[in-house]
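The next block holds one structure in the form of C-alpha cells; read it before the comments.
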Number of protein chains: 4
Amino acid sequence: MTKRFGQPIPGAMYPTGNQRETMTQHMTDHANHSAAPVNLCAKRVQILKAAGEVFLGSGYAGASMSQIAQKAGVSKGALYNHFDSKDDLFTAFFEEMSRTKLSVLKALVHDEKLDTRTALLHMARTTIQLMLDATTIGLYRVILVDAPRFPNLADTFWHHGFGCAIHNLASWLTRKTAEGKLNVDDAEFAAEQFLILCQTRIVQRRRMSLPVDCDSSHIEHVARLTAESFLRIYAPTP
Amino acid sequence: MTKRFGQPIPGAMYPTGNQRETMTQHMTDHANHSAAPVNLCAKRVQILKAAGEVFLGSGYAGASMSQIAQKAGVSKGALYNHFDSKDDLFTAFFEEMSRTKLSVLKALVHDEKLDTRTALLHMARTTIQLMLDATTIGLYRVILVDAPRFPNLADTFWHHGFGCAIHNLASWLTRKTAEGKLNVDDAEFAAEQFLILCQTRIVQRRRMSLPVDCDSSHIEHVARLTAESFLRIYAPTP
Amino acid sequence: MTKRFGQPIPGAMYPTGNQRETMTQHMTDHANHSAAPVNLCAKRVQILKAAGEVFLGSGYAGASMSQIAQKAGVSKGALYNHFDSKDDLFTAFFEEMSRTKLSVLKALVHDEKLDTRTALLHMARTTIQLMLDATTIGLYRVILVDAPRFPNLADTFWHHGFGCAIHNLASWLTRKTAEGKLNVDDAEFAAEQFLILCQTRIVQRRRMSLPVDCDSSHIEHVARLTAESFLRIYAPTP
Amino acid sequence: MTKRFGQPIPGAMYPTGNQRETMTQHMTDHANHSAAPVNLCAKRVQILKAAGEVFLGSGYAGASMSQIAQKAGVSKGALYNHFDSKDDLFTAFFEEMSRTKLSVLKALVHDEKLDTRTALLHMARTTIQLMLDATTIGLYRVILVDAPRFPNLADTFWHHGFGCAIHNLASWLTRKTAEGKLNVDDAEFAAEQFLILCQTRIVQRRRMSLPVDCDSSHIEHVARLTAESFLRIYAPTP
DNA sequence: CATGAATGAGGCTTCATTCAT
DNA sequence: AATGAATGAAGCCTCATTCAT
C-alpha cells in the first residue's frame with residue numbers, strides 16, 4: 001500500500017501518482033504559465049498541516065480522513081487529489097514533519113567559540129526544548145506506534161533527527177577530543193548518551209503525559225546537571 | 001464506564017459484574033462444589049492474553065475487538081461477558097501487564113555483597129534485557145500513544161515500573177553514598193539517569209523498530225559502557 | 001413463536017410448556033406434596049412484575065430480557081425456565097396486567113341508589129383516575145405499538161378493559177332508559193362516548209407525555225363537565 | 001446529539017452539515033449550475049419516506065436503520081450522509097410528517113355558508129377520515145410510545161395537529177355562540193370534546209388494530225351521531 | 001481539479017437464546 | 001430449577017475510498 005518512502009531524493013520527479021515536491025521550498029520557481037500550481041501547493045500544504053495536527057495527536061489508526069479534511073478546510077475528495085491514500089498522506093506528512101521540525105537537531109552543534117562546558121550546556125538546553133515541543137513528542141509517539149507497520153518511518157526520523165544529531169555531535173566530540181578538551185573514545189556512543197541524558201526527568205515524563213514542571217528554570221537545572229554529568233564522564237584525564 | 005482501575009485492592013471480591021480478581025494468584029482457593037471458576041478465570045486470562053498481544057502491537061485505536069476475540073479463540077460477544085467495553089478491557093490488560101511484567105524492575109536492586117561496579121553492571125544488563133522485551137516495548141508504546149486519552153495509564157506504568165525502579169535505585173545510591181562508595185547528591189535524578197543511560201544504542205533503536213544487534217555480547221558491551229559512565233559521574237572524589 | 005394467547009380460559013391446564021396458572025388466585029389450592037410450586041409462583045410473579053415495569057415503559061421492542069432479569073433479581077436463564085421466549089413473557093405479562101389492572105373498569109358501574117347525575121359524575125371521576133394511572137397508560141401504549149405484531153393483544157385489552165366497561169355501562173344506560181331517567185337509543189355507542197369523553201383535556205395530554213395539571217380539583221372539574229355533557233346528550237326529552 | 005427540531009425556520013439555509021430544507025417545497029429554486037441538489041433532495045425524500053413507513057409501523061425502538069435503508073433502496077451508510085443518527089432521522093421524519101400530514105386538521109374549519117349542523121357533520125366526517133389514515137394512526141402510535149424519550153415529539157404533534165385543530169375549532173365555536181347558533185361556554189374544552197367524540201367506535205378500534213368496519217357508510221353514521229351529540233350538548237337553550 | 005454523496009466493509013456493542021454446570 | 005458464560009446475528013455508526021457532477 002505504502003508507495004513512496006525511504007529515500008527522499010530532493011530533486012527527483014515522481015511521474016506516477018499525485019506526488020509532488022515537498023513544497024516548502026521553491027514555491028516560486030515557476031513564473032511560467034499558470035498560478036494553479038501555487039494553489040495546488042497551497043492546498044497541499046494546507047492538507048499536510050491538518051494531517052500533521054491529527055496524526056501527531058492520534059497516530060495513524062486513530063486519525064480519520066474526514067477529520068483531516070475538515071481541519072484542512074477542504075473536501076474529502078480533495079485529499080485524494082493530492083494523495084493516493086491514507087497511507088500515502090501519512091507517509092508524506094511524516095517525511096515533511098521530520099524534515100522541517102527536526103532541523104534544529106541538525107544545527108545543534110554551532111561551532112562557535114564557546115568553551116566546552118558552555119557549549120554542552122547550550123546543546124542540552126536546546127535539545128530539551130526541542131524534545132518538549134508538541135510536534136517532536138507527537139512524532140516520537142507516531143514512530144513508536146506506527147513504525148512496525150510503516151518500516152521506513154523510523155529510518156526517516158533517524159535520518160532527519162536523532163541519527164543526524166548524533167552524527168554531528170559525534171564529529172564535534174571527536175574534534176574536542178583532538179583538541180584535548182574532552183576524552184571521548186566511542187564518539188557515536190557518547191553523542192547518543194548525551195542526547196539520551198537530556199531526556200531525564202522532564203522529557204521522559206512529558207512523553208508519557210505525566211504532569212511535570214516545564215519552567216525554563218527547571219529546564220535550565222536539568223540541562224546543567226546533564227552537561228555536568230556528561231563532562232564528568234568524558235573529561236580528559238589530567 | 002470503565003470500572004476497575006487505579007486502586008487494585010488485592011484481597012477484594014467482586015461477586016457481581018464482570019470484574020474478577022486479577023487472577024494470577026489463588027486459582028485454586030475454591031475446593032468447593034464446582035470447577036466453573038477455573039474455567040471462568042481461564043477464559044478471562046485467555047482473553048487478556050490475546051488482548052495483550054493485540055494492544056501491545058497496535059495500541060488502543062489500532063486494535064479491534066474482533067481481532068482480540070479471534071486471537072483468544074472466543075466469540076466477539078464473549079468479550080463482553082468479561083469486560084464491559086473495549087476501554088475496560090484495555091484498562092484491565094494494561095494494569096495486569098504493568099503489574100506482572102514490570103515486577104523485574106521492582107526487584108532491580110538486590111542487596112547482595114557485590115562490589116559497586118559489578119552491581120551496576122548487573123543492573124544495567126537486567127534493565128536492558130527487560131527493556132528489550134517485546135512486552136515492555138509494547139507497554140511503552142501504548143503509554144506514549146494512549147496516555148493522553150487514558151490518564152491513569154502513565155500513572156500505573158510509573159507506579160509499577162519506572163517510578164518504582166527509580167525509587168529503589170535511589171535508595172541504593174543513597175546507601176552507597178553513605179558507605180563512601182559513591183558520591184550522589186540528587187539520588188532520584190541519578191537513578192533516573194542510570195535507567196535512561198541503559199537505553200542508549202540498543203533499546204532506543206529497538207523501540208523505534210530500527211534494526212539493531214541484540215546479541216547478548218552487544219548488550220554486555222553497552223551495559224559495561226553504561227555502568228562505567230555512571231561510575232565516572234558519581235564516583236567518590238578521591 | 002407466540003404460543004398461547006387469545007382465549008384465556010381460566011380453569012384450563014396447559015400441559016405443554018412452562019405456562020402455569022395466572023397465579024394470583026389459589027396460591028393455596030395445593031396443600032399437597034411440596035412447597036416448590038409456591039416458590040415457582042413467587043418467582044414467576046416476581047418476573048412478571050419486572051416484565052411489567054419494563055414492557056410498560058418501553059414496549060416490546062424497547063425492552064430487553066437482561067433488563068427484566070436484572071429488575072426481577074433473577075438470572076437471565078431463569079426467565080427461560082418460566083417462559084419460553086420473549087414473546088411468551090410479553091404475552092403473559094400483558095394478559096396478567098389486563099386482568100388485574102383493569103378490573104376497576106369492570107366494576108365501574110355500582111348499582112347503588114345514587115341519582116343518575118351523581119352516578120355519572122362518580123363514574124367519570126373513576127374512569128379518569130384509572131386512565132391516568134401509569135399502568136393503564138403503559139398498557140394503552142403497548143397496545144398501540146405492539147398490537148400489529150401481537151394480534152391478540154388488543155382483544156385481550158378490549159375483553160378485560162374497554163369492551164367490558166362499555167358493556168356494563170351500556171346495560172346500566174339501558175336500565176336507566178327503561179326507568180325514564182335517560183333517553184339512550186344505541187346504548188353501546190353512548191357508553192363508548194362516555195368513556196371517550198372522559199379523556200378530554202387531562203387523559204389525552206397525559207398519554208402524550210404533555211405537561212398537564214392532574215390535581216384532583218382539575219380532575220373533578222373535567223369529570224363534572226363530562227357528566228354534564230353526557231346528560232345533555234341523553235337526558236330524557238321532557 | 002439530535003440537532004434539528006423544534007423551530008423549523010422555513011426559509012433558513014443550512015449550508016454546512018447534513019441538514020437541509022424540509023424539501024417538499026421549492027425543489028426547483030436553483031436555476032444555478034448543477035442538478036445535484038435535485039438528486040440530493042430526491043434521496044433525502046426517499047429516505048424520509050422509507051423512514052416514515054418503518055417508524056410509523058414500529059416506533060423508534062422497533063425500527064432498524066437497515067430496514068429503512070433497504071426500503072429506501074440505499075446503502076446503510078448513505079443514511080448517515082443525510083442524517084446524523086437514528087435520532088436525527090427519527091426527529092426529521094416526525095416533524096415532516098406532522099407538518100405535511102396533519103395540515104388537514106388546520107383547515108378543518110371552512111368558513112363556508114353551511115348551517116351549523118351541516119358544518120359539524122362535515123367536520124366530524126373529515127376528522128374521522130383523517131384519524132383513520134394509516135399515517136395519522138402511525139403518528140399517534142409513535143407519540144404515545146416515544147414521547148417519553150423524545151420530549152419534543154408531543155409538542156410538535158400538538159402544535160401541528162390536535163392543538164391547532166382545537167384552537168381553530170374553538171374560534172369557530174365562539175363565533176357561532178356570538179351568532180346565537182350555539183351556546184358554548186368553554187370553547188377550548190368543547191372543541192376538544194368534539195374531536196374526541198369523533199374517535200368513538202371506529203377510530204378507537206382501528207388504533208388498537210381491532211377489526212372494524214371502515215365503510216364510508218359506517219363513517220357517515222358515526223359522524224352523524226357525533227355531530228348530533230355535540231349539538232345536543234351545546235345547542236342554544238331555547 | 002473540487003466536491004461531497006454513495007458505498008460496503010468493518011468497528012463496537014447488545015440481544016435473545018442456549019447449555020454446561 | 002438456577003445460573004451466567006457463550007454464541008452469533010443484528011443494531012448503530014464510522015471509515016477509506018470512489019465517482020458523478
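Within every chain, numbering begins at 1; the chains are lettered A, B, ... in the order of the sequence lines, protein sequences first and strands thereafter. In this text the structure is predicted, and so the values were computed from the model without any measurement.
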Practice problem: Specify the residue among D/Gly73 and C/Ala63 whose closest nucleotide of DNA chain E lies further upstream toward the 5′ end. | Solution: D/Gly73
Self-check item: Earlier contact from the 5' end, DNA chain F, for B/Ala78 and D/Lys76
Solution: B/Ala78
Self-check item: Residue mapping more 5' on DNA chain F - nearest nucleotide basis, D/Gln67 or B/Gly77
Solution: B/Gly77
What is the distance, rounded to the nearest whole Å, between atom [atom1] of [X] and atom [atom2] of [N]?
| X | N | atom1 | atom2 | answer |
| --- | --- | --- | --- | --- |
| D/Asp84 | F/dC12 | CG | P | 16 Å |
| A/Gln70 | E/dT3 | CD | C1' | 15 Å |
| B/Met65 | F/dT14 | CE | P | 18 Å |
| B/Leu79 | E/dC15 | CG | P | 17 Å |
| B/Phe90 | E/dG11 | CZ | C1' | 17 Å |
| B/Lys86 | E/dG11 | NZ | C1' | 8 Å |
| D/Tyr80 | E/dG10 | OH | P | 18 Å |
| C/Ile68 | E/dT17 | CD1 | P | 11 Å |

Which of the following nucleotides, [options], is nearest to the side chain of [X]?
| X | options | answer |
| --- | --- | --- |
| B/Ser85 | F/dA16, E/dT13, F/dC13 | E/dT13 |
| B/His82 | F/dC12, F/dA5, E/dT17 | F/dA5 |
| B/Ser64 | F/dC13, E/dG11, E/dA6 | E/dG11 |

Quiz item: Should the ring pair C/Phe90 and C/Tyr60 be called parallel, tilted or perpendicular, given that the plane angle runs from 0 to 90° and is split at 30 and 60?
Solution: perpendicular
Does [N] have OP1 or OP2 sitting under 4.0 Å from an N or O in the side chain of [X]?
| X | N | value |
| --- | --- | --- |
| A/Asn81 | E/dA2 | yes |
| A/Lys43 | E/dC1 | no |
| B/Ser66 | E/dG11 | yes |
| D/Ser75 | E/dT7 | yes |

Quiz item: Can you check whether C/Ala63's main-chain N or O pairs, donor with acceptor, with C/Lys86's side chain at less than 3.5 Å?
Solution: yes
Quiz item: With distance as the sole test, does C/Arg141 use its side chain to make a donor-acceptor pair with the main-chain N or O of C/Gly59 at under 3.5 Å?
Solution: no
Exercise. Find the partner of E/dA16: check Watson-Crick (N1-N3 plus N6-O4 or O6-N4) and G-U wobble (N1-O2, O6-N3) distances, both under 3.5 Å, and reply none if neither fits.
Key: F/dT7
Self-check item: Base-pairing mate for E/dT21 - Watson-Crick or G-U, with both contacts under 3.5 Å
Solution: F/dA2
Quiz item: Is D/Leu56 close to D/Phe93 at the side-chain level, that is, under 4.5 Å between some pair of heavy atoms?
Solution: yes
Quiz item: Mind checking whether C/Leu89 and C/Asp84 have side chains closer than 4.5 Å, heavy atoms only?
Solution: no
